[in-house]
Amino acid sequence: MNAGTKPLPAIPIVSRPAASFIPEDSRLVKVARIVLPPLVVLIALGLLWEVVMSGPTAALPPPSKVWTDARQLILDPFFDNGGLDKGLFWHLMASLSRVALGFALAAVVGILTGLLIGTSSLAMRGLDPIFQVLRTVPPLAWLPLSLAAFREAQPSAIFVIFITSIWPIIINTAVGVRNVPQDYRNVAAVIRLKGPAYFLRIVLPAAAPFIFTGLRIGVGLSWLAIVAAEMLIGGVGIGFFIWDAWNSSNLSDIIVALAYVGLTGFILDRAVAFIGKLVTRGTAID
Amino acid sequence: MANADTYLEISRLTVAFPKAPVPVLNDVELRIAKGEYVAVIGHSGCGKSTLLNVVAGLLPASMGGVVLDGREVTEPGPDRAVVFQNHSLLPWLTCYENVRLAVDQTLSKTMTRAERHEWTLHNLGLVRMEHAKDMRPAEISGGMKQRIGIARALAMKPKVLLLDEPFGALDALTRAHLQDEVMRIHAALGTTVMMITHDVDEAVLLSDRIVMLTNGPNATIGEILDVNLERPRDRLKLAHDPRFIEARAAVLEFLHARHAQPAL
């Protein structure tokens with residue numbers, strides 16, 4: 001270095017970017033980021049549908065016609081004129097109560113059976129091949145048999161829900177029980193956790209994420225099955241509502257009902273996922 | 001080493017897995033005194049973790065056996081607490097609950113509920129993790145998880161602490177922190193420790209003796225090096241200490257010259 005070189009201007013040792021350099025996203029921006037894209041797609045699809053179905057030969061009603069036809073149905077889901085002439089809320093509640101009953105039974109029986117075949121290889125060998133065949137039987141194929149057995153619509157529908165949703169619950173529970181990681185088993189061995197305590201404190205919590213995966217698949221299948229089953233058994237329920245609307249050529253009502261069915265199914269799925277997250281203390285797959 | 005001092009004795013230990021033509025470990029003979037810190041080092045696949053698992057009781061010996069404090073090892077137990085390489089904390093429990101489960105399981109006969117609570121907090125304090133007691137393993141760093149793993153093992157009041165490459169998955173700086181922590185705890189409690197490692201510096205820094213295994217299969221003890229460095233040890237001062245450098249060189253010489261790993 002030359003002796004004559006001037007000292008460089010002092011550089012601040014710590015340079016800290018001002019807070020405004022990286023703007024913090026406001027809550028509004030965050031919400032918009034989640035809500036806007038699907039909203040835009042929805043509006044675009046709605047417009048496309050409006051354009052395509054506006055012609056004189058269109059087979060299905062465009063959104064504008066759905067609105068004028070089914071306005072009462074959309075705006076007031078709670079009316080009740082007796083008999084089958086009820087708002088969609090009541091139809092949905094009827095369907096949901098059947099699903100609740102059938103699914104609850106399936107959850108209890110399914111988890112217990114899954115725990116059994118997960119822990120006992122004898123039970124596994126005896127039951128698994130039968131389950132693998134039975135689980136491929138389509139839900140509605142059980143309906144005639146259950147109608148014959150129960151001789152009544154209500155228990156038959158509940159049975160169809162039960163038999164549809166139980167298989168994924170059994171299978172996932174068994175897989176979860178059988179795949180307790182070796183690490184956890186080693187820990188249990190070192191602290192001498194054995195028998196029922198081992199089962200309660202290690203196996204069950206380790207299998208819980210799998211069990212909830214089974215429950216989520218199960219509740220989805222239940223909702224798929226109930227609409228189809230109700231079309232056949234009749235009475236109050238969203239499935240029969242759709243079938244009834246079809247028989248009276250009320251296409252707009254069907255479209256409104258489908259939207260309700262979809263949203264309800266979505267809420268059911270999220271609800272089970274949410275419960276799973278709570279129960280497994282965040283170890284369940286979201 | 002005199003027989004009278006022997007606390008943990010591994011004698012004529014051979015471990016063979018079914019279907020394997022050659023045993024993993026062959027005729028391993030080792031005596032560890034109470035309060036001693038012994039590191040077992042060797043190339044990967046030489047069976048050092050197998051050795052630890054037999055001492056832990058997680059694997060059966062094919063021949064020979066392990067005696068701890070006059071009793072033969074036949075099954076896993078809290079007197080041989082293990083700190084696993086991948087921490088093995090239960091993800092659905094908080095850090096406190098992970099330690100508490102081990103405490104409840106192993107000390108419920110000798111301690112009241114309140115004492116077990118205090119003991120759990122005491123052990124979390126020992127590894128400086130009281131602040132994370134209510135967090136779940138997924139919410140803390142790898143080094144912190146390993147601290148909880150150490151706290152859980154110590155909380156069982158083990159006769160011997162088994163460390164299975166406890167810092168292998170950590171970055172170098174975190175590893176140094178935890179090594180210092182283990183040295184401090186070892187000095188304070190006088191716990192007998194058997195540590196599996198593949199880190200030469202770690203072995204020299206922490207241990208009283210370094211057991212070097214030959215290459216597997218059919219591995220056995222090739223050499224045992226006494227590390228005559230007074231405690232407490234300071235990693236900075238030791239870096240230039242000729243005895244440290246010599247010990248380090250001896251282990252490197254064993255691992256890379258005489259028992260270099262055949263090409264993988």
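Reckoned from all heavy atoms, side chains included, excluding hydrogens, waters and symmetry mates. The chains referred to below are lettered A, B, ... by the order of the sequence lines, with proteins before strands, and numbering in each begins at 1.
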Candidate pair A:R192 and B:Q105, rule side-chain hydrogen bond (donor to acceptor under 3.5 Å, both in side chains), full reasoning | CA-CA 7 Å; A:R192 298 233 169 100; B:Q105 215 29 54; over 6 Å; no

Any donor and acceptor pair, going by atom type alone, linking the side chain of B:H117 with main-chain N or O of B:T112 inside 3.5 Å?
->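 Between the backbone of B:T112 and the side chain of B:H117 there is no qualifying donor-acceptor contact (under 3.5 Å).
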
Check: B:D134/B:T94 side-chain N/O donor and acceptor closer than 3.5 Å = no

Structural part of A:A206 lying under 4.5 Å from a heavy atom of chain B =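 Both the backbone and the side chain of A:A206 come within 4.5 Å of chain B.
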
Contact class of A:R185 relative to chain B, heavy atoms under 4.5 angstrom |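 No part of it gets close to chain B.
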
SB check B:R71 B:D79 (cutoff 4.0 Å) =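 Between B:D79 and B:R71 there is no salt bridge, as every charged N stays at least 4.0 Å from the carboxylate O atoms.
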
Salt-bridge test for B:E130 and B:K133: reply yes if a basic N is under 4.0 Å from a carboxylate O, no otherwise.
->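 So B:E130 does not pair with B:K133 through a salt bridge.
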
Which bit of [X] comes within less than 4.5 Å of chain A, counting heavy atoms only: side chain, backbone, both or neither?
X	answer
B:L93	both
B:E97	side chain
B:A56	neither
B:R80	both

Does the separation of the ring centres of A:Y184 and B:W92 fall below 6.0 angstrom?
-> yes

Comparing B:T106, B:V82, B:N86 against chain A, the one with the most heavy-atom pairs below 4.5 Å turns out to be B:N86

